[in-house]
A.B. asks: 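Take a look at the following structure, please.
Computed from a predicted structure; not experimentally measured.
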Amino acid sequence: MSANNKRMVVFINIGFIGAGKVGTALGLYFQKHQLNIKGYYSKTALSAKKAALTTTSKQYTDLTALLTTCDVIFITTTDMALPVIAAKIAQMKSTATIFFHTSGAHSSDILSEIKKAGNAIGSIHPLQSFADINTSALLLEKTFFTIEGMPAAINTAKNILQQTGGKYCEITSAQKPLYHTGASILANYLITVISFGMDCLEQAGLNKSDLLSAIEPLLRGTIDNILDKGPTSALTGPIVRSDVNTVNLQLQAIKKNLPEKEFLFRSLSLATVDMIKNKRLDEHQATVFYKLLKGYNNHE
């Protein structure tokens, strides 16, 4: 489901517990779309002050003051801190009735103490990695969000994202771990694979100082191709050409020069065969690759 058309202006006061990159970038994003950001509370006063200055809002040194000023609270701390903060909030006076966290891995259930205190809980996760605050705030304009939680929280999340024009999808609490796994593979393990490829190129004689500039056109072209065609159709290389001899040549090169990466190479190659089997490879072609990559054929 997406929310591309803005509806009525949402008149709510939003506060943040946690003043790092995620909280500050979200504050800038919400402000740009005329949502009312009251301010930030953080265990580190300096970070709350910095976030408040960045978003032209207020630094709160007293958590109760924030809770009694806002209607909606975003908890943008580390995942480990969420249950501790939830327990603390549950014991405090609050006019805020909707509480969100922004963790990708955890469902809203991690805020269960707040729910027991009579408030609605939910999660809003931006499918994005956060580096520089200002850049991240700009990227939020194109970011996809996932939302889950209690009905009142879901409705509030939808209202907020409809006002910002943000695209979103509602998922269940049980789906959060797998969702976060997918996001981590895309954001983290893609980097691992790129590092693996760079190791091969460096071992092959390319200057380490030249590697990033050397691979930039290849990476950008590959990503553009994926976004244009989807992964299966975008795939190029020896596997999709059913060139088992070239893949075997690559395997032998890995075994000789980077033997510690042999398992990774085999795993990635097998996953690639699985991805295009009965699509761009027929059963016989896939079987030949399985024999090579699982290590029981005459090539080795």
Side-chain angles (χ1 to χ4, degrees), residues 9-104 106 108 110-111 113-115 117-126 128-141 143 145 147 149 153 156-157 159-161 163-164 166:
V9 175
V10 180
F11 293 104
I12 54 175
N13 295 320
I14 298 174
F16 288 86
I17 299 173
K21 295 174 183 177
V22 175
T24 308
L26 279 173
L28 286 171
Y29 172 64
F30 290 158
Q31 267 192 340
K32 182 178 179 180
H33 296 280
Q34 288 76 54
L35 288 162
N36 188 26
I37 307 304
K38 298 299 290 184
Y40 291 80
Y41 171 86
S42 174
K43 67 177 183 179
T44 306
L46 184 61
S47 63
K49 181 179 180 180
K50 184 177 179 181
L53 287 171
T54 302
T55 58
T56 59
S57 61
K58 180 180 177 181
Q59 173 195 1
Y60 285 82
T61 57
D62 177 58
L63 180 55
T64 301
L66 180 70
L67 296 176
T68 54
T69 303
C70 300
D71 308 303
V72 174
I73 296 290
F74 279 78
I75 306 174
T76 56
T77 63
T78 63
D79 289 7
M80 290 187 296
L82 289 173
V84 177
I85 291 170
K88 186 175 182 179
I89 290 171
Q91 302 301 317
M92 303 179 78
K93 180 181 178 182
S94 174
T95 57
T97 56
I98 309 289
F99 291 81
F100 294 106
H101 70 67
T102 55
S103 167
H106 297 284
S108 56
I110 201 168
L111 303 180
E113 292 299 313
I114 296 175
K115 178 181 178 181
N119 301 297
I121 55 174
S123 70
I124 299 180
H125 182 255
Q128 180 191 313
S129 56
F130 288 76
D132 172 77
I133 289 171
N134 290 310
T135 300
S136 297
L138 291 173
L139 288 173
L140 283 169
E141 298 294 337
T143 294
F145 295 82
I147 59 177
T156 298
N159 287 337
I160 289 172
L161 292 174
Q163 181 157 327
T164 65

A.B. asks: Measure across Leu82 and Leu111 and return the closest heavy-atom pair with its distance rounded to 0.1 Å.
C.D. replies: O-CD2, 4.2 Å
A.B. asks: Please report the C-alpha distance between Leu28 and Asn134 in whole Å, then the side-chain angles of each, then the deciding distance to 0.1 Å, and finally whether the side-chain contact (heavy atoms from CB on, under 4.5 Å) criterion is met.
C.D. replies: CA-CA 8 Å; Leu28 286 171; Asn134 290 310; 3.7 Å; yes
A.B. asks: Testing Ile124, Ile121, Ile147 for side-chain contact (heavy atoms from CB on, under 4.5 Å) with Ser108, which one passes?
C.D. replies: Ile121
A.B. asks: Rounded to the nearest 0.5 Å, how far does OG1 of Thr69 lie from CG of Asp71?
C.D. replies: 10.0 Å
A.B. asks: When you measure from the side chain of Ser103 to the backbone of His106, do you find a donor-acceptor pair of N or O atoms at a distance under 3.5 Å?
C.D. replies: yes
A.B. asks: Contact between Asn36 and Lys38 at the side-chain level, heavy atoms closer than 4.5 Å - yes or no?
C.D. replies: yes
A.B. asks: How long is the gap from OG1 on Thr102 to CD1 on Ile75, to the nearest 0.5 Å?
C.D. replies: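 Here the rounded value is 9.0 Å.
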A.B. asks: Which heavy atom in Ala86 sits nearest to a heavy atom in Ile114, and how many Å separate them?
C.D. replies: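 Scanning both residues completely, I find the closest heavy atoms to be O-CG1, 3.6 Å.
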A.B. asks: Show the nearest heavy-atom pair for residues Gly15 and Leu66, with the distance to one decimal.
C.D. replies: CA-CD1, 4.0 Å
A.B. asks: Under a 4.0 Å N-O cut-off, is there an ion pair linking Glu113 with Lys88?
C.D. replies: no
A.B. asks: Checking side-chain contact (heavy atoms from CB on, under 4.5 Å) for the pair Thr68/Lys93: CA distance, chi angles, key distance, verdict?
C.D. replies: CA-CA 7 Å; Thr68 54; Lys93 180 181 178 182; 4.1 Å; yes
A.B. asks: Calculate, to the nearest 0.5 Å, the distance between atoms CG and CD1 belonging to Leu26 and Ile14 respectively.
C.D. replies: 9.5 Å
A.B. asks: Side chains of Cys70 and Ile73, heavy atoms from C-beta outward: is any pair under 4.5 Å?
C.D. replies: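 Cys70 vs Ile73: side chains touch.
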A.B. asks: Quick one: does any side-chain atom of Ser42 pair with a main-chain N or O of Thr44 as donor and acceptor, under 3.5 Å?
C.D. replies: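 Pair found, side chain donor or acceptor close to backbone of Thr44.
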A.B. asks: Kindly indicate whether the side chain of His125, heavy atoms from C-beta on, has any atom under 4.5 Å from the side chain of Phe145.
C.D. replies: no
A.B. asks: Scan residues 38-92 for pairs that pass ring pair (Phe, Tyr, Trp, His ring centres under 6.0 Å), counting only residues two or more places apart or in two chains.
C.D. replies: Phe16-Tyr40, Phe16-Phe74, Phe30-Phe74, Phe74-Phe100
A.B. asks: Under a 3.5 Å distance rule, please check whether Thr95 uses its side chain to pair with a backbone N or O of Leu67 as donor and acceptor.
C.D. replies: yes
A.B. asks: Please identify each residue that fulfils ring pair (Phe, Tyr, Trp, His ring centres under 6.0 Å) with Phe130, with sequence neighbours left out.
C.D. replies: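 For Phe130, no residue satisfies ring pair (Phe, Tyr, Trp, His ring centres under 6.0 Å) once neighbours in sequence are set aside.
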A.B. asks: With side chains defined as the heavy atoms from C-beta onward, is the minimum distance between Asn119 and Ile98 less than 4.5 Å?
C.D. replies: no
A.B. asks: If you take all heavy atoms of His33 and Gln163, which pair is closest and at what distance?
C.D. replies: O-NE2, 2.8 Å
A.B. asks: Give the C-alpha distance, both sets of side-chain angles, the deciding distance and a yes or no for side-chain contact (heavy atoms from CB on, under 4.5 Å) between Ile17 and Ile89.
C.D. replies: CA-CA 11 Å; Ile17 299 173; Ile89 290 171; 3.6 Å; yes
A.B. asks: What are the two closest heavy atoms between Ala25 and Ala137, and how far apart are they?
C.D. replies: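 Minimum heavy-atom separation between Ala25 and Ala137: O-CB, 3.8 Å.
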A.B. asks: Can you see which heavy atom on Ala153 is nearest to which on Ala120, and at what distance?
C.D. replies: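 Distance-wise, the nearest heavy atoms are N-CB, 4.1 Å.
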A.B. asks: Looking just at side-chain N and O atoms, do Gln31 and Thr55 make a donor-acceptor pair shorter than 3.5 Å?
C.D. replies: no
A.B. asks: Is the side chain of Thr143 donor-acceptor paired with the backbone N or O of Gln128 at a distance under 3.5 Å, no angle test?
C.D. replies: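 Here the side-chain-to-backbone pair does not exist.
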A.B. asks: Taking atom types as modelled and ignoring hydrogens, do the side chains of Thr24 and Thr54 form a donor-acceptor contact shorter than 3.5 angstrom?
C.D. replies: no
A.B. asks: Do the side chains of Ile12 and Ile160 get nearer than 4.5 Å, heavy atoms only?
C.D. replies: yes
